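As the structure is a computational prediction, the values presented were derived from the model and not from experiment.
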Amino acid sequence: MLDNNQLLRFTTAGSVDDGKSTLIGRLLYDSKSIFEDQLEAIESTSKKKGHEGVDLALFTDGLRDEREQGITIDVAYRYFTTPKRKFIIADTPGHIQYTRNMVTGASTANVATILVDARHGVIEQTKRHAFIASLLQIPHIIVCINKMDLVDFSEEAYNNIVSQFESISSKMLVKDIRFIPISALLGDNVVNRSEHMSWYQGAPLLHTLETMHISSDVNKVDARFPVQTVLRPQSEDFRDYRGYAGRVASGIFRKDDEVTVMPSGFTSKIKSIDTFEGEVNEAYAPMSVSITLEDDIDISRGDMIVRSNNKPEASQDIEVMLCWLNNSPAKPRSKYTIKHTSNDQKAMIKEVVYKIDINTLERNSEDKDLKMNDISKVKIRTTKPLMIDSYRENRTTGSIILVDDATNETVAAGMVV
């Protein structure tokens, strides 16, 4: 029997009317992942709107505003399972004013599917989505060249778009880019192979998603364990138990490993690794465990247990690529709470180094104002050291968020450079 426990998260991005919602609807519809009552509701809405068949886009456009305007505003998450794998889809908006929604929806994705309209080719929005996908270090990109039925399933039109996209992607740090010609409306190459494009020898989209190798996407080298809480049960059975509970961010921890606690720098050995089901010999990302050590060390929430021969950088001055998420612009030298793994500290934006013009990908070092959806490189100073890796090496220990102390709103998300 196939093990379908492996979870793949993918995000869809594309310009308005590129057919993202229709594509997801087709994936769910053709892979039989829709409940009958959902199907009936959508069939009746489609009839009311005067559509002949089922309007597949209605499966994802959950907000009434989206249905009425025919656009996607919020990040819609959809879950479905096939015999081979479990999936979470983040359907992110295409409009420029929703850049921040794409950043949040794509931050945990293994795969970005970027839709391109076969009639229009690579446009500004495509470049923006590809740039954000590479900025967020999404390991795999699938470029779905949609609406092939409107260009008579032309191989030449497909090849032109592939070369257009390759000319922009050569500047980006994405290891794996694939191209699939599809018609989401008709179902060509989405779940089933297309009969109209015999010239395309690759697999359809669902098969590509089911078979894509993603276990190497997790950093297995750098062992990082941010402590969330200290467990001291004080019960008869666990009179002297002192465990450090949290979730393994990356790497592998084994019993008897020599470890260092940061930022204090004290060293010890792992005495046991405990889970809800009982003791285990090793723990790896993203397991939630409790670690006990041979020595009694003062450890609290926000500290990090790492392997002694492989430590992150402990620093109060960090450079990050920041996406500003809030309606209110950044206030110069004002205090924020920075959240990094389980560690919360006070922080200040010391300097805006440059902003990126998302349309041209040019750097602008003159404009220093951070407004909603802006992406910029900034220098941040924290009150106490954070144990950081670069985001490229480690998406968990390389990411931060900033929270406004006055309003308690999350104002920015950042990737450590």
Taken in chain and number order and not counting sequence neighbours, the residues that satisfy salt bridge (charged side-chain N to carboxylate O under 4.0 Å, His left out) with Lys147 are Asp117
Sorted by chain and number, sequence neighbours left out, salt bridge (charged side-chain N to carboxylate O under 4.0 Å, His left out) with Arg193 holds for none
Nearest 0.5 angstrom please: [X] [atom1] to [Y] [atom2], how far?
| X | Y | atom1 | atom2 | value |
| --- | --- | --- | --- | --- |
| Asp217 | Asn219 | CG | CG | 11.0 Å |
| Asn110 | Arg9 | CG | CZ | 8.0 Å |
| Glu351 | Ile380 | CD | CD1 | 12.0 Å |
| Cys323 | Leu402 | SG | CG | 11.5 Å |
| His140 | His213 | NE2 | NE2 | 8.0 Å |
| Ile400 | Ile338 | CD1 | CD1 | 4.0 Å |

Mind checking ring-ring contact (aromatic ring centres under 6.0 Å, His included) for [X] and listing every partner two or more places apart, or none if nothing turns up?
| X | answer |
| --- | --- |
| Phe253 | none |
| Tyr158 | Trp199 |
| Phe10 | none |
| Tyr79 | none |

Residues at least two apart in sequence or cross-chain that pass side chain to side chain donor-acceptor pair (under 3.5 Å) with Lys255, listed by chain then number, are Glu279
For Ser194, the side chain to side chain donor-acceptor pair (under 3.5 Å) test, sequence neighbours excluded, returns Asp188
Any side-chain heavy atom of [X] within less than 4.5 Å of one from [Y]?
| X | Y | answer |
| --- | --- | --- |
| Phe87 | Glu210 | yes |
| Arg119 | Val151 | yes |
| Phe266 | Ile299 | no |
| Arg26 | Val191 | no |
| Arg395 | Ile138 | yes |
| Met387 | Thr341 | no |
| Val378 | Val320 | yes |
| Leu205 | Leu23 | yes |

If we ignore hydrogens and angles and just use 3.5 Å, is the side chain of [X] paired with the main-chain N or O of [Y] as donor and acceptor?
| X | Y | value |
| --- | --- | --- |
| Glu313 | Ile388 | no |
| Asp295 | Ile297 | no |
| Thr229 | Ala245 | no |
| Lys339 | Thr410 | no |

Nearest atoms (heavy-atom pairs only) where [X] meets [Y]:
| X | Y | answer |
| --- | --- | --- |
| Tyr241 | Ser290 | OH-OG, 2.9 Å |
| His129 | Ser15 | CE1-N, 4.1 Å |
| Ser376 | Leu370 | OG-CD2, 3.0 Å |
| Pro226 | Ala249 | CD-CB, 3.9 Å |
| Arg242 | Arg232 | NH1-NH1, 3.2 Å |
| Ala203 | Thr208 | O-OG1, 3.6 Å |

Go through the side-chain N and O atoms of [X] and [Y] and say whether any donor and acceptor fall under 3.5 Å apart.
| X | Y | value |
| --- | --- | --- |
| His120 | Asp18 | no |
| Thr113 | Thr12 | no |
| Asn364 | Asp367 | no |
| Asp274 | Ser272 | yes |

Under the side chain to side chain contact (heavy atoms under 4.5 Å, CB included) rule, what do Ile356 and Leu135 come out as? Steps first, then yes or no, please. CA-CA 11 Å; Ile356 289 174; Leu135 183 72; 5.5 Å; no
Got a list of side-chain donor-acceptor pairs under 3.5 Å for residues 177-184, not counting sequence neighbours?
{"from": "Arg178", "atom 1": "NE", "to": "Asp176", "atom 2": "OD1", "distance (Å)": "3.3"}
{"from": "Arg178", "atom 1": "NE", "to": "Asp176", "atom 2": "OD2", "distance (Å)": "3.2"}
{"from": "Arg178", "atom 1": "NH2", "to": "Asp176", "atom 2": "OD2", "distance (Å)": "3.1"}
{"from": "Ser183", "atom 1": "OG", "to": "Asp149", "atom 2": "OD1", "distance (Å)": "3.1"}
{"from": "Ser183", "atom 1": "OG", "to": "Leu186", "atom 2": "N", "distance (Å)": "3.2"}

Does the side chain to side chain contact (heavy atoms under 4.5 Å, CB included) test come out yes or no for Lys355 and Lys371, once each step is laid out? CA-CA 10 Å; Lys355 268 170 49 169; Lys371 299 191 228 26; 4.3 Å; yes
| task | Report the residues that fulfil side chain to side chain contact (heavy atoms under 4.5 Å, CB included) with Val116, sequence neighbours left out, ordered by chain and then residue number. | result |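 Val116 satisfies side chain to side chain contact (heavy atoms under 4.5 Å, CB included) with Thr126, Val143, Ile161 only.
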TODO: Please assess Leu386 against Val416 for the test side chain to side chain contact (heavy atoms under 4.5 Å, CB included), listing each intermediate value before the final yes or no.
DONE: CA-CA 11 Å; Leu386 299 181; Val416 178; over 6 Å; no
Q. How would you list all residue pairs meeting salt bridge (charged side-chain N to carboxylate O under 4.0 Å, His left out) that involve residues 298-307, not counting sequence neighbours?
A.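 As it turns out, the salt bridge (charged side-chain N to carboxylate O under 4.0 Å, His left out) pairs with a partner in residues 298-307, which skip direct neighbours, are Asp257-Arg307.
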Does any pair with a residue in residues 401-411 pass salt bridge (charged side-chain N to carboxylate O under 4.0 Å, His left out), and if so which ones, sequence neighbours excluded?
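Every pair satisfying salt bridge (charged side-chain N to carboxylate O under 4.0 Å, His left out) with a residue in residues 401-411: Lys331-Asp404, Lys346-Asp405.
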Note to self: Exactly one of Thr397, Asp389, Asn394 should register a side-chain hydrogen bond (donor to acceptor under 3.5 Å, both in side chains) with Arg224. Which one does?
What the structure shows: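 One option only clears the test, and that one is Asp389.
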What do you reckon, is [atom1] of [X] surrounded by more than 12 foreign heavy atoms closer than 6.0 Å?
| X | atom1 | value |
| --- | --- | --- |
| Lys368 | NZ | yes |
| Lys175 | NZ | no |
| Arg247 | CZ | no |
| Asn408 | CG | no |

Begin with the C-alpha distance, continue with both residues' side-chain angles, and end with the deciding distance and a verdict on side chain to side chain contact (heavy atoms under 4.5 Å, CB included) for Val259 and Ile291.
-> CA-CA 11 Å; Val259 291; Ile291 290 177; over 6 Å; no
